[in-house]
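Please read the structure below before turning to the comments.
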Number of protein chains: 2
Amino acid sequence: MQYLKIKDAIFEQIESGQLGQKLPSERKLAESFNTTRITLREALSLLESEGKLFREDRRGWFISPQPLIYDPTNTTEFPAMAMAQGRNPRSELLSAELVKPNKQIAQLLQTTTEDELYRIKRLRFLDNRPVVVVTNYILPSFFPNLLETDFTHSLSIIYREQFNRIYSKTRYRVSTTSLTGSTATALRATAGSPAMFVERLNYDQYNNLIDCDLEYWRHDAICIQSLATLKNA
Amino acid sequence: MQYLKIKDAIFEQIESGQLGQKLPSERKLAESFNTTRITLREALSLLESEGKLFREDRRGWFISPQPLIYDPTNTTEFPAMAMAQGRNPRSELLSAELVKPNKQIAQLLQTTTEDELYRIKRLRFLDNRPVVVVTNYILPSFFPNLLETDFTHSLSIIYREQFNRIYSKTRYRVSTTSLTGSTATALRATAGSPAMFVERLNYDQYNNLIDCDLEYWRHDAICIQSLATLKNA
DNA sequence: GAGTGGTCTAGACCACTTT
DNA sequence: AAGTGGTCTAGACCACTCG
């Protein structure tokens, strides 16, 4: 159980601020604990699972900043939410296209794999660290010619100001998964890094299902929080 | 990237039902893919992160059953919730004591580390698989002599029927972490297994903070889901 | 008692990032 | 050009589970 001791030792060094934002190389750390890289990586991976460290692919290990508090029942756009918590947000548009959805998405939006949907992919940063890939699938019937708009604004603002649609109800799901493929790459993560997956189905003020969100978060970058009035029997 | 191919191959075998509920031994699997145990375990760990497989410590690898849909805004007790989804629930009381809380808990419940609290630990099973360790910290002022009650019933029923307190509001947080120590052992998990952590602060019908829940779930056993009316600016 | 998973050693090569 | 992380090999021992 050597790796547990190493884990605790590294954690103490993190807490006491002896390590910078970036950890020393695996070889140096392994040597300093008198062990092999495999065992050292076991310890680092544990700290990664616990959300105390994160990796950037081939760049090394870093200490995780405070997570963003994320309330799925709040429509506040990402930039406003981040700034309210003293963070510096930034977004990059990855793509905006009209596509035929796969079966899973078609089912979510109660349409077919033959009916095209708008798909908007974004990469969002916190303090210059990429933390989430967000994919929106949007029903075109409610938003004609959406692709001609300027996506520097958030979707909820575009919906409200250009189409008079206001998010009013959401059905969200949260589960854990791991990052793969282009999502992992965009987040500078190694394939297999732990992730938090948030799926949202959004309804407008007339109770029409208008779009869905698929969000893949670096799992240490987010803490879901909400206040709820309980439904009693 | 051999382990990615192995991962996909194992996943296909899972989907097509070629594997039983329990996987063959690591040595056999490694041999069948012409690789070493280390690489094979890399592939299995990925599937574990994705929630498709889980491990029981020294017992082997198993295919994950469907996750339980868990709505944090619903007070339905665990047994009722599980049965409504066609699952077979069971609970074990691990301990029920009066203890001094640590700093974190004291802060959560707005008390001090000197004031004792009831602490109730439970292990919950789904279809005979241990899936979550739940720890409740309860403010004794609202529930005199709580420890003398029979804990075969759920807490919310005891609160309602013996103390006239009804859960009416909750502040919940969801994050990911990993299992360690006695929590891991209770869940038959290896230290470091990925986990979903749910923290709840519960209020009664008079808006008094009455208790908190700390829940460590095997991450593949749960999918958080809720419906929310959005708070618009 | 046989076999298993958990842990660890001591290397190696490559592609990539960084200096 | 040097160093790094990602990946992989080919073993080993132990404590534990299971038949």
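Atoms considered below: every heavy atom in the structure, side chains included; atoms not considered: hydrogens, waters and symmetry mates. Each chain gets a letter, A, B and so on, in the order its sequence line appears, and its residues count up from 1.
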Test log, rule ring pair (Phe, Tyr, Trp, His ring centres under 6.0 Å), inputs A:Phe197 and A:Trp217: CA-CA 6 Å; A:Phe197 177 61; A:Trp217 289 81; over 10 Å; no
B:Glu116 and B:Val99, any side-chain heavy atoms less than 4.5 Å apart: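 Counting from C-beta outward, B:Val99 and B:Glu116 never come under 4.5 Å.
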Side chain to side chain, A:Ser178 and B:Leu46, heavy atoms closer than 4.5 Å: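 A side-chain contact under 4.5 Å exists here.
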Ring pair (Phe, Tyr, Trp, His ring centres under 6.0 Å) contacts touching residues 15-61 of chain A (sequence neighbours left out):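 Listed once each, the pairs are A:Phe54-A:Phe62.
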Test log, rule salt bridge (Lys or Arg N to Asp or Glu O under 4.0 Å), inputs B:Lys7 and B:Glu50: CA-CA 11 Å; B:Lys7 186 201 85 167; B:Glu50 294 175 9; 3.0 Å; yes
Short side-chain donor-acceptor distance under 3.5 Å, B:Gln85 and B:Tyr70: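 The criterion, which ignores hydrogens and geometry beyond distance, is not satisfied for B:Gln85 and B:Tyr70.
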Enumerate the residues from [range] whose closest heavy atom to DNA chain D is under 4.0 Å, giving them by residue number; use none for an empty result.
| range | value |
| --- | --- |
| residues 36-46 of chain B | B:Thr36, B:Arg37, B:Ile38, B:Thr39 |
| residues 21-33 of chain A | A:Ser25, A:Glu26, A:Arg27, A:Lys28 |
| residues 124-132 of chain A | none |

I'd like to check the side-chain hydrogen bond (donor to acceptor under 3.5 Å, both in side chains) partners of [X]; sequence neighbours left out, ordered by chain and number.
| X | answer |
| --- | --- |
| B:Gln13 | none |
| A:Gln18 | A:Ser16 |
| B:Tyr159 | B:Asp211 |

SB check A:Arg171 A:Glu199 (cutoff 4.0 Å):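 Judged by the 4.0 Å cut-off on N to carboxylate O distance, A:Arg171 and A:Glu199 do form a salt bridge.
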Under 3.5 Å, which donor-acceptor pairs link side chains of residues 100-107 of chain A to any protein atom two or more places apart or in another chain?
| from | atom 1 | to | atom 2 | distance (Å) |
| --- | --- | --- | --- | --- |
| A:Lys100 | NZ | A:Glu114 | OE1 | 3.2 |
| A:Asn102 | OD1 | A:Gln104 | N | 3.1 |
| A:Asn102 | OD1 | A:Ile105 | N | 2.9 |

Residue pairs fulfilling salt bridge (charged side-chain N to carboxylate O under 4.0 Å, His left out) with at least one residue in residues 10-22 of chain A, sequence neighbours excluded: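 Salt bridge (charged side-chain N to carboxylate O under 4.0 Å, His left out) check on residues 10-22 of chain A returns no pairs.
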Pair listing, salt bridge (charged side-chain N to carboxylate O under 4.0 Å, His left out) test, anchored in residues 176-190 of chain A, at least two apart: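 For residues 176-190 of chain A, and leaving out neighbouring residues, the salt bridge (charged side-chain N to carboxylate O under 4.0 Å, His left out) pairs sorted by first residue read A:Glu56-A:Arg188.
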Close N/O contacts between protein and nucleotides 15-19 of chain D (under 3.5 Å):
none

Nearest-0.5 Å distance, CZ of residue A:Arg55 to CD of residue A:Glu26: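 The distance works out to 8.0 Å.
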Positional range of nucleotides in DNA chain C within the contact set of chain A, heavy-atom, under 4.0 Å: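 First-to-last contact on DNA chain C, by the 4.0 Å heavy-atom rule, is C:dT7 to C:dT18.
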Cation over ring face, A:Arg90 and A:Phe125, 6.0 Å, 45°: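 Satisfied, under 6.0 Å and within 45°.
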